[in-house]
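Values below: every heavy atom of this structure, side chains too, minus hydrogens, waters and symmetry copies. Fair warning: this is a prediction, and the values are worked out from it, not measured in the lab. Lettering of chains follows the sequences in order, A, B, ..., and the numbering in each one begins at 1.
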2 protein chains.
Amino acid sequence: MSRRAGILEFAVLGLLRESPMHGYELRKRLNTSLGVFRAFSYGTLYPCLKTLVARGWLAEESAAAPGEPATLSGRRAKIVYRLTADGKEHFEELLSQTGPDAYEDEHFAARFAFFGQTSRDVRMRVLEGRRSRLEERLEKMRASLSRTRERLDDYTLELQRHGMESVEREVRWLNELIESERVGRDLRTSRPGDAERQKGAPGDLPRPGSDSRPDSPGTPT
Amino acid sequence: MSRRAGILEFAVLGLLRESPMHGYELRKRLNTSLGVFRAFSYGTLYPCLKTLVARGWLAEESAAAPGEPATLSGRRAKIVYRLTADGKEHFEELLSQTGPDAYEDEHFAARFAFFGQTSRDVRMRVLEGRRSRLEERLEKMRASLSRTRERLDDYTLELQRHGMESVEREVRWLNELIESERVGRDLRTSRPGDAERQKGAPGDLPRPGSDSRPDSPGTPT
DNA sequence: TCGTTCATGTAACGCGTTACATGATTGC
DNA sequence: GCAATCATGTAACGCGTTACATGAACGA
């Protein structure tokens with residue numbers, strides 16, 4: 001139990017849950033669409049896929065011409081990975097876990113990216129956990145800053161100030177998200193066949209945005 | 001020549017240049033004062049110190065009672081590390097290097113933390129290099145966003161938007177810093193005895209609205 | 001046909017952590 | 001005298017990268 005998930009494993013399961021894919025495409029999704037926040041190389045991804053297959057969470061399927069088992073002929077076929085029932089169950093379990101790990105920078109970003117498939121109470125717990133994690137951080141920074149204030153040069157100080165402001169900014173962002181969740185907007189979108197929810201409802205994303213400008217993706221934290 | 005510095009090595013040399021220290025204290029400085037942006041464990045630090053000694057950049061000195069070589073008796077003494085002349089020279093060389101590595105998240109933060117001992121032209125190059133690195137990043141984010149806009153759910157989109165805003169804020173921060181450097185304020189302070197600079201001057205430290213990463217950032221692409 | 005992108009993998013290595021093991025010093 | 005913190009280290013492992021190796025599909 002609680003198998004020490006790992007961001008890659010988590011993200012792979014999450015992406016494959018949406019639709020089967022082969023490794024190459026998976027990596028692109030990981031690094032662009034989803035993971036502006038994280039880059040993985042093939043040397044990491046492929047071995048990972050293998051172990052997930054070995055554990056029964058993924059199944060490999062050849063994408064060769066129909067009727068061609070592909071493994072039989074000399075041709076090397078694309079391998080399409082699909083989430084098994086076990087894999088789905090496992091991912092669901094991972095989604096529901098809210099241990100302290102989930103509040104770390106990159107882990108949090110990965111969790112957030114799959115909020116569309118996460119229940120509201122778990123979302124709340126993750127957001128609040130993240131927030132208190134950051135608040136602890138701020139505490140420590142403030143303490144350390146007042147302890148050492150006079151001994152640091154201006155550049156070091158500026159660096160610390162800047163870092164602290166970043167954290168504060170993320171806290172404000174979380175506050176808004178938490179408030180949105182609390183108010184009631186449940187915007188688990190994406191799952192195909194879920195599109196019927198009327199879209200004119202007052203209160204889409206906290207960012208009235210989505211439309212603000214045709215350019216705004218980014219890196220978390 | 002260009003020995004693949006490594007953040008830890010760099011920071012250790014930089015801190016020891018200010019004053020000799022033993023490992024334990026060094027680690028604290030690394031993780032609090034200096035490194036809100038990075039935490040190192042002893043398992044990393046001590047072996048590193050050894051290799052730096054082996055290369056002749058650091059010298060070990062026992063802090064035992066005077067007259068007591070400490071290594072001779074059974075007592076285990078504190079080991080105080082001091083930068084050698086070679087080490088100083090080496091650090092100076094590292095400081096002056098402005099290769100592409102220096103613009104990566106954590107590497108950049110480490111460089112910035114030692115700006116107090118860096119010449120103005122190098123500071124400029126590092127700041128500008130960092131900025132263009134971030135601008136490339138923004139380019140990619142925008143491209144990827146407009147390519148995939150319709151296929152992402154709101155949470156993923158929000159994550160990207162937030163990340164991008166963070167990068168944009170850091171760019172603004174850098175703009176202000178660069179402008180300050182250009183205008184001429186040379187604020188390599190710190191070393192005691194520099195406190196007299198009047199503080200009302202129009203244009204002290206830029207108080208930019210900023211953002212960046214205090215630690216464990218998303219290191220994309 | 002030739003270069004680019006798609007596609008899959010492996011081996012060696014880098015950098016760092018955790019957990020463990022040990023002992024000295026300080027303050028109550 | 002006992003706990004907390006200071007202080008130093010090692011071994012095993014985790015997680016990821018780079019560089020290498022291979023080959024198919026596609027478009028100009």
Can you tell me the distance, in whole Å, between the CZ atom of R27(A) and the C1' atom of dG9(C)? 13 Å

State which residues pass side-chain hydrogen bond (donor to acceptor under 3.5 Å, both in side chains) with R17(B); sequence neighbours excluded, sorted by chain then number. E92(B), Q117(B)

For Y46(B) and dT22(C), what is the distance between atoms OH and P respectively, to the nearest whole Å? 17 Å

Nucleotide nearest Y42(B) (side chain, heavy atoms from C-beta), chosen from dC6(C), dG9(C), dG9(D): dG9(D)

K78(A) side-chain proximity, nearest of dT8(D), dA7(C), dT17(C): dA7(C)

is_close_aromatic(F10(B), F114(B)), centroid dist under 6.0 Å: yes

Closest of dG16(C), dT8(D), dA7(C) to the Y24(A) side chain is dA7(C)

To the nearest 10 degrees, the angle between the two end axes of the helix from dT1(C)-dA28(D) to dC28(C)-dG1(D) (five pairs per end) comes to 30°

Of the listed nucleotides dG16(C), dT8(D), dG9(D), the one nearest the side chain of K50(B): dG9(D)

Nearest to side-chain heavy atoms of H22(B), which nucleotide of dT8(D), dG16(C), dG16(D): dT8(D)

Rounding to an integer number of Å, can you tell me how far L26(B) CG sits from dG9(D) C1'? 15 Å

Testing dT18(C), dA7(D), dT10(D) for proximity to the side chain of S41(B), the answer is dT18(C)

By nearest-heavy-atom nucleotide on DNA chain D, the more 5' of P47(B) and E25(B) is E25(B)

Considering only heavy side-chain atoms of Y81(A), the closest of dG9(C), dT8(D), dA7(C) is dG9(C)

Measure from CG on L8(B) to P on dG16(C) and round the result to the nearest Å. 6 Å

Quick check for you: among dT10(C), dG9(D), dT8(C), whose closest atom lies nearest to any side-chain atom of I79(B)? dG9(D)

Could you tell me whether R133(A) and D101(A) make a salt bridge, using a distance below 4.0 angstrom between a side-chain N and a carboxylate O? no

Please determine whether a side-chain nitrogen of the Lys or Arg among E9(A) and R55(A) lies less than 4.0 Å from a carboxylate oxygen of the Asp or Glu. yes

Return the value, rounded to whole Å, for the distance between atom CZ of F40(B) and atom C1' of dA7(D). 20 Å

Which residues share a side chain to side chain contact (heavy atoms under 4.5 Å, CB included) with A59(A), sequence neighbours left out: R82(A), T84(A)

Nearest whole angstrom, please: distance from the C1' of dT18(D) to the CD of E104(B). 15 Å

Side chain to side chain contact (heavy atoms under 4.5 Å, CB included) with T98(B): which residues, sequence neighbours excluded? Y103(B), V122(B), R125(B), V126(B)

Distance below 4.0 Å between T44(A) side-chain N/O and dC15(D) OP1 or OP2: no

Nearest whole angstrom, please: distance from the C1' of dG14(D) to the CG of D101(A). 14 Å

Suppose we screen for side-chain hydrogen bond (donor to acceptor under 3.5 Å, both in side chains). Which residues come up paired with T44(B), at least two apart in sequence or across chains? S41(B)

Indicate, with a heavy-atom threshold strictly under 4.0 Å, whether G43(B) touches base, sugar-phosphate, or nothing. base

By side chain to side chain contact (heavy atoms under 4.5 Å, CB included), E168(A) pairs with (sequence neighbours left out) L138(A), R142(A), M164(A), E165(A), R172(A)

On DNA chain D, compare the nucleotides closest to L45(A) and E60(B); which residue's is nearer the 5' end? E60(B)

